[in-house]
Colleague: 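Sharing a structure, written as structure tokens. Questions coming.
Order of the sequence lines fixes the chain letters, A, B, ..., with proteins taken first and strands second; residue numbering starts at 1 for each chain.
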Protein chains: 4
Amino acid sequence: MQSRSSAPRTGRPRSAEADEAILAATRAALVDLGWSGLTLGDVATRAGVAKTTLYRRWAGKNELVVDAVAALFDELELPDRGSLAADIEIVVLQFAAILSRPEAKTALMAVVAESTGDAALRDRIRSSIVDRQKHLVTQGRARAQARGELPVENDPETAARGTDLIFDVIAGAVVHRCLVSSKPVDTDWAGDFTRLLLNGLTGVSPA
Amino acid sequence: MQSRSSAPRTGRPRSAEADEAILAATRAALVDLGWSGLTLGDVATRAGVAKTTLYRRWAGKNELVVDAVAALFDELELPDRGSLAADIEIVVLQFAAILSRPEAKTALMAVVAESTGDAALRDRIRSSIVDRQKHLVTQGRARAQARGELPVENDPETAARGTDLIFDVIAGAVVHRCLVSSKPVDTDWAGDFTRLLLNGLTGVSPA
Amino acid sequence: MQSRSSAPRTGRPRSAEADEAILAATRAALVDLGWSGLTLGDVATRAGVAKTTLYRRWAGKNELVVDAVAALFDELELPDRGSLAADIEIVVLQFAAILSRPEAKTALMAVVAESTGDAALRDRIRSSIVDRQKHLVTQGRARAQARGELPVENDPETAARGTDLIFDVIAGAVVHRCLVSSKPVDTDWAGDFTRLLLNGLTGVSPA
Amino acid sequence: MQSRSSAPRTGRPRSAEADEAILAATRAALVDLGWSGLTLGDVATRAGVAKTTLYRRWAGKNELVVDAVAALFDELELPDRGSLAADIEIVVLQFAAILSRPEAKTALMAVVAESTGDAALRDRIRSSIVDRQKHLVTQGRARAQARGELPVENDPETAARGTDLIFDVIAGAVVHRCLVSSKPVDTDWAGDFTRLLLNGLTGVSPA
DNA sequence: AACTAAGCGAGACGGTACGTCCTGTCTTCGA
DNA sequence: TCGAAGACAGGACGTACCGTCTCGCTTAGTT
């Protein structure tokens, strides 16, 4: 998470409980207060921890919230439903379920907004959250190719472009539906979207 | 923008210059300082205006920034390029051009994040920004139907669902590409995306 | 009060009612809010008058309050009780009665405090409030001399010194008793004080 | 000054330097700006201290100024000059010397004015400033009785009434001369006043 | 068992921004 | 020309957090 291996050999070791208590308190505070209402002093109080302890581990609000929210996305997985359409639909619904939680909703866009002027934060978001989901696309695509639903792509660079595009379309559409249009991502919408994407992918493949 | 017609007949009228100066100052401050660094006191100073004048017109940072950024989106338009593919591509590139401005980049996600816990702000964003772009989709779709590129949809409710879906896909994908993946929306990417979307639309239409 | 004789020949004449309404509102506000809580905006509202009207007549809070309070002191008078002792006692009690009013209590010391750095205000206080009381001393002294209770003072400069001293002692002691010691000026205290002063005056006269 | 003994065992202790720096800055600001021009923000800046530090120790302008000015009165003392007349004269001159300082002049009346509507402030003034001077009267009186200049007073309640009266007369007269009449307390005036008071005291004693 | 080094809670610290209030001036309309 | 209404620039208010610091105490691993 932060310091990993570099030598802190002597002295009292950091409390492992504190870490988890702080992250849990952060999520709770996000639910209660939203991003802009969240204060580190309040998080520390909720966690039963001194502010010093918190600052010893995280540089600030942004970093703390990224870590607190990242865990939510670990529950995403891609069970094999037997067809590309079913796979797309299930991942869309799972993703939307996470986004419907208030702590994710308020925090995710906010840290992305902060990251527009902060490259280090952008990297942290990418490594902690975004990249951990991207393998779902890779995996789903590989399965579809194995089933013969999608043509095999031999050029790795072209394959990467395709993966990125699909990821932007899925994640972007779901986020926009949830947070901007603020309409529900139910099975109707997921079905419409899946049909659109599937047609797009099985038509002429990207050049 | 705010008070519209209701009767403030007496007293000194509000300065129209001040309004524009404040919005311009807000955009400038966003460029210099980003969302989280932006201060209403600083905006007031830049605009050559007292803080009270600012608070008399806007309830807070969120509302002010929505109005300041909304103007940027008014330059979006849809010239008729003769084909649906060309129309999609041009609107994607225009939208990305706006999002690449630092004032839009930092502000847009931030106010959306704030809006997750504030219905009034959500409405303000929708009416000031989102809905003003949605007509581009409607218009492009009508042209494509006139050209015979897309089937005519008779049920108005189904048509609305389709418009919403297309809008979420386009806007979501472009925003995600720009702000989360933070990769450029160049003609290559726009081409790939357009191909994907076009295939999706001209295949089986949404139920 | 302010403009006196200089020619306001043309245009709408100033409302005479407004003047008295403002002074009354000022006194009422002093009772409710005290000196530091009093604001000119509030006075204007209470008087049913625009702030402009108020500023057209008085330069600020200090000047307004001096005028508002000065009227209270006009009720002081010196009925002839037949002896110097009785005369002193009655004036002490009258003065204390005025000082026990909340509007006088809070305002008087405050404007004196302000006047320490403002010569114009000091003059205004002297001419509006202080000098109007000083004749009571002169008058009482003259009566006492006529009765033979006090020796006649021939040198006018020495007489003035004596008057000033007596005035400072009476006014100072009463004010200090009321506002600093915050104990009542009842007939007991007035009697003690009168005895002390009378002994002081009828002993060896000031050099 | 404020918290005295109650147990704040943990946490960083309050800076003792800050206390003195703030009081000194307050006195300096009073000299430069006067009571009404004095700003807590300005005091904090002058003291090199944050506004919060100031508000942590004092509730507001009034309390701060009382403490800042109280120290000035600690220099009052009563050297034995061998006669009651000399003792009165010296204390009058000392008191006037303090009142002639701009920081005392502007502040003293102002806090008394504020205290008319604030019992807590009145107590603070009494305990911090007034009562610390009253022992001068007691002491001077005792010496005069020892010398045989004044009759011994056996009833302690009558003695207290006398002390209060003398104190109100001395303090009141000097303050009134300085601040209201705004004439100098020189040896001439001090002589006249001492003669008056001495005659008053050595004549018939208060009932 | 004593020493040492870091972690810990508490809370004060110098700062910055907040959103409100009041000041004294101005601009409009109607009397 | 005055008056009411109210917007204006300016500036202080007292509060809330920020991120740092200084305390005294606790908790290891090392001598």
Colleague: As a test of reading the structure: which of F/dT15, F/dC17, F/dA4 is closest to the side chain of D/K51, going by heavy atoms?
Modeller: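 Comparing F/dT15, F/dC17, F/dA4 against the side chain of D/K51, the answer is F/dT15.
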
Colleague: Looking at B/R46 and B/D32, is there a salt bridge between them, counting it only when a charged N and a carboxylate O are closer than 4.0 Å?
Modeller: yes

Colleague: So which nucleotide from F/dC18, E/dG24, E/dG7 ends up closest to the side chain of A/R56?
Modeller: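 Side chain of A/R56 sits closest to E/dG7.
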
Colleague: Starting at atom CD of D/E17, determine the distance to atom P of F/dC21, rounded to an integer number of angstrom.
Modeller: 17 Å

Colleague: Output the rounded distance in Å from CH2 (D/W58) to C1' (F/dG14).
Modeller: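 To the nearest whole Å, that distance equals 17 Å.
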
Colleague: By nearest nucleotide on DNA chain E, pick out whichever of A/A16 and D/A16 is the more 5' one.
Modeller: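 Its nearest nucleotide being more 5', the pick is A/A16.
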
Colleague: Reckon B/S15 touches a base, only the sugar-phosphate, or nothing at all at heavy-atom distances under 4.0 Å?
Modeller: sugar-phosphate

Colleague: Nearest-nucleotide wise, let me know which of C/V49 and D/L40 is further upstream toward the 5' end of DNA chain F.
Modeller: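 Between the two, 5'-proximity favours C/V49.
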
Colleague: Look at all strands and tell whether C/G48 reaches a base, only sugar-phosphate, or nothing, counting heavy atoms closer than 4.0 Å.
Modeller: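 Sugar-phosphate, no base atom in range.
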
Colleague: Check this for me, if you would: do D/R57 and D/D67 make a salt bridge, where the nitrogen-to-carboxylate-oxygen distance has to be below 4.0 angstrom?
Modeller: no

Colleague: In this structure, how many angstroms lie between the P atom of E/dC22 and the CH2 atom of C/W35, rounded?
Modeller: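 Computing the C/W35:CH2 to E/dC22:P distance gives 15 Å.
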
Colleague: D/N62 CG to F/dC13 P: how many Å, rounded?
Modeller: 12 Å

Colleague: Does D/R57 make a side-chain N or O approach to OP1 or OP2 of E/dC13 shorter than 4.0 Å?
Modeller: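 True: D/R57 side-chain N/O within range (under 4.0 Å) of E/dC13 OP1/OP2.
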
Colleague: Side-chain N or O of D/R12 less than 4.0 angstrom from OP1 or OP2 on F/dC21?
Modeller: no

Colleague: Could you work out which one of F/dC21, F/dC18, E/dG24 sits closest to the side chain of A/T52?
Modeller: F/dC21

Colleague: What integer distance in Å separates B/L54:CG from E/dC21:P?
Modeller: 17 Å

Colleague: Check the pair A/L23 / A/W58 against side chain to side chain contact (heavy atoms under 4.5 Å, CB included), numbers first and verdict last.
Modeller: CA-CA 11 Å; A/L23 292 174; A/W58 287 277; 3.8 Å; yes

Colleague: Rounding to an integer number of Å, can you tell me how far A/L64 CG sits from F/dC17 C1'?
Modeller: 15 Å

Colleague: Quick one: does B/I125's side chain get under 4.5 Å of B/L121's, heavy atoms only?
Modeller: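 Yes; the side chains approach each other to less than 4.5 Å.
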
Colleague: Base, sugar-phosphate, or nothing for A/K61, non-hydrogen atoms under 4.0 angstrom?
Modeller: nothing

Colleague: Checking C/K61 against C/W35: charged group under 6.0 Å from the ring centre and within 45 degrees of the axis?
Modeller: yes

Colleague: Let me know, please, whether A/A50 or B/G37 comes out on the 5' side of the other along DNA chain E by nearest nucleotide.
Modeller: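 The residue mapped nearer the 5' terminus is A/A50.
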
Colleague: Which whole-number value in Å describes the distance from D/R46 CZ to E/dG14 P?
Modeller: 17 Å

Colleague: Taking the nucleotide of DNA chain F with the nearest heavy atom to each, does A/T39 or D/G60 sit closer to the 5' end?
Modeller: D/G60

Colleague: Salt bridge between B/R27 and B/E20, side-chain N to carboxylate O under 4.0 Å?
Modeller: yes

Colleague: Atom OH of B/Y55 to atom P of F/dG10: distance rounded to whole Å?
Modeller: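 Going from B/Y55 (OH) to F/dG10 (P), I get 17 Å.
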
Colleague: Looking only at side-chain atoms of A/R14, point me to the closest of E/dG7, F/dG14, E/dC18.
Modeller: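 The nucleotide sitting nearest to the side chain is E/dG7.
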
Colleague: According to a strict under-4.0 Å criterion, is D/T53 in side-chain N/O contact with OP1 or OP2 of E/dG14?
Modeller: yes

